[in-house]
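Numbered from 1 within each chain, the chains take letters A, B, ... in sequence-line order.
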2 protein chains.
Amino acid sequence: MQLWYTEDQTDNVKFSMKVKKHLFSEKSEFQQVDVFDTHEFGRLLTIDGLVMVTEKDEFIYHDMITHVAMATNLDIKNVLVIGAGDGGTVRELTRYKSIEKIDMVEIDELVVTASKEYLPITACKLDDPRVNLYFEDGLKFVEGKENIYDLIIVDSTDPIGPGEGLFTTKFYTDCYNALTEKGILINQNESPYYSENAREMSRAHKKIKNIFPIAKAYQYHMPTYPSGHWLFGFASKQLDPIKDLDKEKWNSLGIKTKYYNTDIHVGAFALPTYVKEMLEDESI
Amino acid sequence: MQLWYTEDQTDNVKFSMKVKKHLFSEKSEFQQVDVFDTHEFGRLLTIDGLVMVTEKDEFIYHDMITHVAMATNLDIKNVLVIGAGDGGTVRELTRYKSIEKIDMVEIDELVVTASKEYLPITACKLDDPRVNLYFEDGLKFVEGKENIYDLIIVDSTDPIGPGEGLFTTKFYTDCYNALTEKGILINQNESPYYSENAREMSRAHKKIKNIFPIAKAYQYHMPTYPSGHWLFGFASKQLDPIKDLDKEKWNSLGIKTKYYNTDIHVGAFALPTYVKEMLEDESI
């Protein structure tokens with residue numbers, strides 16, 4: 001017998017992983033959560049049938065969602081993480097001794113429960129004393145907050161289901177207000193390649209660009225996401241991810257990473273021409 | 001009825017594209033050549049059941065295999081292209097008026113025949129008067145040649161079947177000898193992500209590094225290749241792809257590209273830490 005997990009990456013493209021065992025399957029009030037053990041990627045967490053995290057490539061995503069902002073401002077002390085139920089983003093953040101407080105707001109406790117049980121590789125630092133875990137709607141959590149966080153990371157699913165509100169102008173404005181003077185917003189910014197992802201990528205960037213004086217996007221290779229070409233957004237009130245990067249200082253910390261380094265920090269902001277054009281296109 | 005093309009990217013990973021029509025299928029003395037019309041990617045050329053080119057993403061591959069070398073040395077006049085039967089590499093090269101001669105050596109005439117018929121998007125410049133088409137073994141073609149080409153592009157399949165010899169020390173040494181003083185070698189350098197590709201990536205780079213004083217690798221996002229994370233090698237006798245890049249001069253040519261630009265030229269050489277370590281690992 002063979003068991004395969006197949007994701008419809010578009011109506012006309014499928015990506016399949018051979019499965020050893022279906023380890024977990026439960027439906028919360030928000031979404032369907034599953035964990036599989038796969039031959040190629042190790043453990044795989046899916047939400048509503050879409051790949052969120054695999055053991056084999058989670059380091060790419062979590063390196064790039066945290067270290068770019070941190071290396072731009074090593075004085076970051078208070079962090080808000082929205083989503084990120086698997087715990088990988090928090091794991092990377094806890095490597096910085098300088099960080100004093102991490103508020104993590106995940107709408108769906110089931111994602112955290114499943115990750116703690118089946119993905120200790122990512123969920124291993126959720127009990128760090130600096131971490132405060134809130135099972136709430138990130139949208140409401142950030143509303144009305146002012147000048148509190150040095151960094152907000154929006155580690156969301158696609159803009160469907162519970163993740164939808166995290167792609168709105170209202171939410172990005174609330175994030176702006178919740179950030180300190182040197183605050184940075186990092187957001188999951190979709191992908192340029194397949195048309196549906198590309199539309200969301202452009203829309204999210206456009207909204208953020210209208211709120212933050214500095215708004216850029218950077219790319220990384222994520223093999224288990226559709227097309228493997230994925231972006232994060234970097235927005236801030238005054239810090240520039242290239243000009244304010246202090247390579248020497250970050251490297252002096254001795255944080256060992258498998259994907260991120262201070263060269264790829266810069267390189268990742270160099271986008272293909274078609275992606276730049278999509279991000280600048282005002283008609284989308 | 002639904003028709004799907006499925007590639008086994010590893011024993012445990014499959015990538016599938018929905019097919020409108022199977023347009024062409026023929027076996028040469030070297031390999032099986034097929035052309036499909038797909039919903040997502042337009043026309044698709046496969047060799048021995050592996051994706052070579054699709055209409056949707058060929059621009060990424062062909063931009064990156066040609067313009068990085070050209071922008072490093074705009075005095076390139078004589079070019080040798082090995083493989084590249086679909087014609088896309090030659091198409092990009094013919095955009096440079098400064099190039100005087102392009103020798104293209106493809107072992108399998110059937111690939112060119114099929115591409116001319118079904119992939120005019122890539123094969124459209126094979127009749128440029130500067131192009132000399134040889135249906136020969138590239139390995140033998142380059143043997144004994146000295147100080148002739150300013151640029152050699154090895155646009156090969158994976159190192160199995162007819163492409164195998166194009167990954168040997170003997171071949172890379174012959175390329176070195178065939179190059180002029182400022183000569184550049186660009187080679188299809190596989191991928192770091194899945195272990196089989198990664199081994200070939202490291203091996204090819206190691207061999208080239210032992211022959212050329214300058215040997216680097218640069219990456220690009222190729223959605224229809226396994227993992228989407230793919231590399232080219234850049235080797236040369238004296239030119240450095242970053243230091244010798246003349247951004248202004250290349251941009252003054254007005255060559256419009258969809259993926260390549262002089263920022264991504266530099267950014268593409270910034271590799272993830274695990275890739276750098278694999279390329280430097282002497283034990284592989």
*Asks:* Mind telling me whether H221(B) and H229(A) have parallel, tilted or perpendicular rings, with 30° and 60° as the class edges?
*Replies:* parallel
*Asks:* Can you say whether Q9(A) sits under 4.5 Å from chain B via the side chain, the backbone, both, or neither, judging by heavy atoms?
*Replies:* side chain
*Asks:* Out of S195(B), G267(B), A268(B), P223(B), return the one with the most heavy atom pairs under 4.5 angstrom to chain A.
*Replies:* P223(B)
*Asks:* Using a heavy-atom cutoff of under 4.5 Å, enumerate the residues of residues 245-258 of chain A that contact chain B, numbered in order, or state 'none'.
*Replies:* K256(A), T257(A), K258(A)
*Asks:* Heavy-atom count check: over 12 atoms from other residues, nucleotides or ligands less than 6.0 Å from K18(A) NZ?
*Replies:* yes
*Asks:* Rounded to the nearest 0.5 Å, what separates atom CG in D8(B) from atom OG in S16(A)?
*Replies:* 10.0 Å
*Asks:* When only heavy atoms count and the cut-off is under 4.5 Å, which of residues 91-99 of chain A reach chain B?
*Replies:* none
*Asks:* Counting only heavy atoms closer than 4.5 Å, note whether F41(A) contacts chain B via side chain, backbone, both or neither.
*Replies:* side chain
*Asks:* What residues, two or more places apart in sequence or in another chain, satisfy side-chain hydrogen bond (donor to acceptor under 3.5 Å, both in side chains) together with S115(B)?
*Replies:* none
*Asks:* Side chain, backbone, both or neither: which part of V13(A) has a non-hydrogen atom closer than 4.5 Å to chain B?
*Replies:* both
*Asks:* May I ask you to test the K276(B)-D263(A) pair for a side-chain heavy-atom distance under 4.5 Å?
*Replies:* yes
*Asks:* Are there residues of residues 44-53 of chain A whose heavy atoms fall under 4.5 Å of chain B's heavy atoms? If so, which?
*Replies:* none
*Asks:* Below 4.5 Å, heavy-atom pairs only: which of Y194(A), Y220(A), Y5(A), F269(A) has the largest tally toward chain B?
*Replies:* Y194(A)
*Asks:* Kindly indicate whether the side chain of K14(B), heavy atoms from C-beta on, has any atom under 4.5 Å from the side chain of F15(A).
*Replies:* no
*Asks:* For the residue pair I60(A) and Y193(B), what are the closest heavy atoms and their distance?
*Replies:* CD1-CE1, 4.4 Å
*Asks:* Can you tell which part of F59(B) gets under 4.5 Å to a heavy atom of chain A, answering side chain, backbone, both or neither?
*Replies:* side chain
*Asks:* Side chains of E40(B) and D11(A): closer than 4.5 Å at any heavy-atom pair?
*Replies:* no
*Asks:* OH/Y274(B) to CG/N261(A) distance, rounded to the nearest 0.5 angstrom?
*Replies:* 12.0 Å
*Asks:* Evaluate whether atom NZ of K56(B) has more than 12 neighbouring non-hydrogen atoms of other residues, nucleotides or ligands under 6.0 angstrom away.
*Replies:* yes
*Asks:* For a 4.5 angstrom cut-off between non-hydrogen side-chain atoms, does V275(A) reach Y259(B)?
*Replies:* no
*Asks:* Does a sphere of radius 6.0 Å around CD in E196(B) hold more than 12 heavy atoms from other residues, nucleotides or ligands, not counting ones at 6.0 Å or beyond?
*Replies:* no
*Asks:* Is the shortest side-chain heavy-atom distance between I264(A) and Q219(B) below 4.5 Å?
*Replies:* yes
*Asks:* Would you check if the side chain of T273(A) reaches a backbone N or O of Y260(B) as a donor-acceptor pair within less than 3.5 Å?
*Replies:* yes
